[in-house]
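Notes for the one structure printed next.
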Amino acid sequence: MLRALSGLTTRGRCLLAAGVAAAVCSFVLNERDLLRVAVFVVALPLLVAFFISATRLRLGAARALRPERVSVGSPGEVQLELWRDGRLPAGEVLLEDGVPYALGSRPRFVVERLPHDRRVALRYPLQPVLRGIQQVGPLRATITDPFGLCEFERELIGHSRLVVVPKVVGLWGLPSGAGIGAGDDGSIRLHAGQGEADVIVRQYRQGDDLRKVHWRSTARRDEIMVRVEERPWRGGTTVLLDHRAAAHHGTGPAASLEWAVSFAASVGLHLRRSGHRVRLITEHGQTLADTPGEGGEHYDNVVLDVLAALQPAHQRDITLGHDPAEGQELIAVLGTVGNESVHELSRYRPRGIRSLAVLLDTPGWSSGVNRPETRAAATEESAALLRAAGWGVVVAGPGSPMQQVWAELCQTAARRGTLIGGGL
């Protein structure tokens, strides 16, 4: 009974108090008609409270996210279904679903008459602006009567998990040096070494030296095969993502960290789809994802899900203690790096293996300035130190198109004339 009375609105409580007062006055004044009015006024909110309380227990709902994984800036949709069991009539139902600010505005629906023989379908859009593991819900229903005397709130559905992955930009081209790998496996890197070399063969490509034709394999396979008299080494490409909070500027979707995460995702997926094994690591050498060069969309989702849940690190400096790429070619996406961090990145890297870096001019994300002449002196100093250590460096500012940054990175690799990832 007390639970039912707790749903009375201010109007219902005032009406109940007025009925009690009228009943007291009827006894004092000995007015029988006033007592009849008092009984009616008191009974009305009580009956409505019990009626709404019984009705609310028969409501049901379902929620479906379409899709359950969506990228930043891409539209999504939530589909709701509302129904009731039994034949008790239902009053007005106000639905409100919990939506984080990063997914858009909080939706509200008013269902005036809820039929008992069919489900009511509702839907509302989602516009994610920030990556992360978002929780949609809970879905709450507020049931009121036509007189506004009583209302009850009930949680119909709990939380639903929505994965907002970083935005992936389509990239074109690969750093120069392609054409030396064995077969079709882009993750094979060939390098000369001391001792007896292994002889492997591959299909003839235009421009190959005809003196390297392997006649025995050519006769056996009935197509021209050439030999590569170097030892094959299966490696790949390591993408290092600097996600230290102290190394980035800006907040929300416009933060430099979000640009770095999106660029790392775009590079990782572009290389993997080109047939290269890709390792994604942090600035401390922690492996986030290790995907092969073959496979379907599952491996793309592995990379995207890891980056969607990535949170800023609280360490201030880069500490490695070993080669972060473990002998592979390295592409580093860096925020603000000091002299010690540059030294830590370079001291363990072999000179004969290509190291590339996209260095973010993070102070520009605070000022919103994206002109080369306004770049911070510290950024230029760090870029110069990395270049002196043998790295290929491209400096990116706020608003820098990722396709352009990738194209400049490919040109930088071409100028240095080294080989990345075998097939690249």
Side-chain angles (χ1 to χ4, degrees), residues 65-78 97-106 124-137 159-171 239-273 278-284 286-291 297-315 331-336 358 360 362 364-366 396-403 405-406:
L65 304 181
R66 298 288 186 268
E68 295 183 351
R69 178 187 288 104
V70 63
S71 63
V72 173
S74 299
E77 186 179 72
V78 176
D97 208 0
V99 175
Y101 78 95
L103 296 180
S105 59
R106 178 169 296 185
Y124 62 90
L126 296 177
Q127 293 291 337
V129 296
L130 188 64
R131 64 176 178 88
I133 308 300
Q134 305 290 351
Q135 299 292 336
V136 178
H159 292 89
S160 297
R161 183 174 180 265
L162 178 67
V163 181
V164 182
V165 301
K167 182 179 180 180
V168 176
V169 176
L171 304 177
V239 179
L240 184 149
L241 174 60
D242 181 7
H243 72 305
R244 295 170 296 143
H248 292 276
H249 288 70
T251 58
S256 60
L257 176 60
E258 299 306 315
W259 194 99
V261 170
S262 181
F263 185 77
S266 302
V267 171
L269 266 60
H270 176 62
L271 294 177
R272 201 202 69 78
R273 292 168 182 174
V278 177
R279 288 179 63 239
L280 179 65
I281 65 173
T282 68
E283 72 282 356
H284 302 298
Q286 177 186 0
T287 301
L288 297 176
D290 192 347
T291 60
E297 187 179 355
H298 165 72
Y299 293 105
D300 291 350
N301 293 335
V302 170
V303 175
L304 293 176
D305 289 353
V306 167
L307 291 177
L310 188 68
Q311 297 297 320
H314 299 294
Q315 294 87 347
I331 299 177
V333 185
L334 304 173
T336 300
V358 175
L360 303 189
T362 54
W365 264 266
S366 298
S400 296
M402 295 185 186
Q403 295 94 336
V405 173
W406 175 250

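Along the sequence shown, residues carry numbers from 1. Computed from heavy atoms alone, side chains included, the values below leave out hydrogens, waters and symmetry copies.
- Evaluation of the side chain to side chain contact (heavy atoms under 4.5 Å, CB included) rule for Pro67 yields Val70 as partners, not counting sequence neighbours.
- Ser256 contributes atom OG, which lies 9.0 Å from atom CG of Asp242 (distance to the nearest 0.5 angstrom).
- Of all heavy-atom pairs between Ile133 and Ala309, the closest is CG1-CB, 4.0 Å.
- Between Asn301 and Val165, the closest side-chain pair of non-hydrogen atoms is not below 4.5 Å.
- Just one of Val333, Val72, Leu241 meets the side chain to side chain contact (heavy atoms under 4.5 Å, CB included) condition when paired with Val261; it is Leu241.
- Side-chain contact between Val278 and Val303 is absent, with no heavy-atom pair separated by less than 4.5 Å.
- Judged as a side chain to side chain contact (heavy atoms under 4.5 Å, CB included), and not counting sequence neighbours, the contacts of Gln127 are Pro75.
- Between His248 and Gly335, the shortest heavy-atom contact is CE1-CA, 4.0 Å.
- Partners of Thr287 by side-chain hydrogen bond (donor to acceptor under 3.5 Å, both in side chains), not counting sequence neighbours, listed by chain and number: Arg279.
- Minimum heavy-atom separation, Val99 to Gly104: CG1-O, 3.9 Å.
- With sequence neighbours excluded, the residues forming a side chain to side chain contact (heavy atoms under 4.5 Å, CB included) with Asp300 are Leu269, Arg272, Arg273, listed by chain and number.
- Considering every non-hydrogen atom in both Ala102 and Gln134, the closest pair reads CB-NE2, 3.8 Å.
- Thr291 is linked by a side-chain hydrogen bond (donor to acceptor under 3.5 Å, both in side chains) to nothing, counting only residues two or more places apart in sequence or in another chain.
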Does Val358 form a side-chain contact (heavy atoms from CB on, under 4.5 Å) with Val267? I'd like the steps, not just the answer.
CA-CA 11 Å; Val358 175; Val267 171; over 6 Å; no
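- Annotation: the span from Lys167 atom NZ to Met402 atom CE amounts to 8.0 Å, rounded to 0.5 Å.
- Checked against side-chain hydrogen bond (donor to acceptor under 3.5 Å, both in side chains), Arg69 has the following partners two or more places apart in sequence or in another chain: Asp305.
- Taking the side chain as every heavy atom from C-beta outward, Val169 and Trp406 never approach each other to under 4.5 Å.
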Exercise for the section: For side-chain contact (heavy atoms from CB on, under 4.5 Å), just list the numbers for Leu304 and Val163, CA-CA rounded to whole Å, side-chain angles, deciding distance to a tenth of an Å, and then say yes or no. Expected result: CA-CA 9 Å; Leu304 293 176; Val163 181; over 6 Å; no
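- Take His249 and apply the ring-ring contact (aromatic ring centres under 6.0 Å, His included) test, not counting sequence neighbours, and it matches no residue.
- Here the closest heavy-atom approach between residue Ala245 and residue Pro312 is recorded as CB-CB, 3.8 Å.
- Trp365 CH2 to Thr251 OG1: the interatomic distance, rounded to the nearest 0.5 Å, is 13.5 Å.
- Considering only residues two or more places apart in sequence or on other chains, Glu77 meets the side-chain hydrogen bond (donor to acceptor under 3.5 Å, both in side chains) condition with Gln79.
- The heavy-atom pair separating Ala308 from Pro166 by the smallest distance is N-CD, 4.0 Å.
- Counting only residues at least two apart or in different chains, side chain to side chain donor-acceptor pair (under 3.5 Å) contacts with residues 257-269 comprise Arg131-Glu258.
- Put simply, CG on Leu126 and CG on Asp97 are 9.0 Å apart, with the number rounded to the nearest 0.5 Å.
- Taking the side chain as every heavy atom from C-beta outward, Thr282 and Leu288 approach each other to under 4.5 Å.
- When the side chain to side chain contact (heavy atoms under 4.5 Å, CB included) test is applied to Ala313, the partners found at least two apart in sequence or on another chain are His243, Glu283, Gln315.
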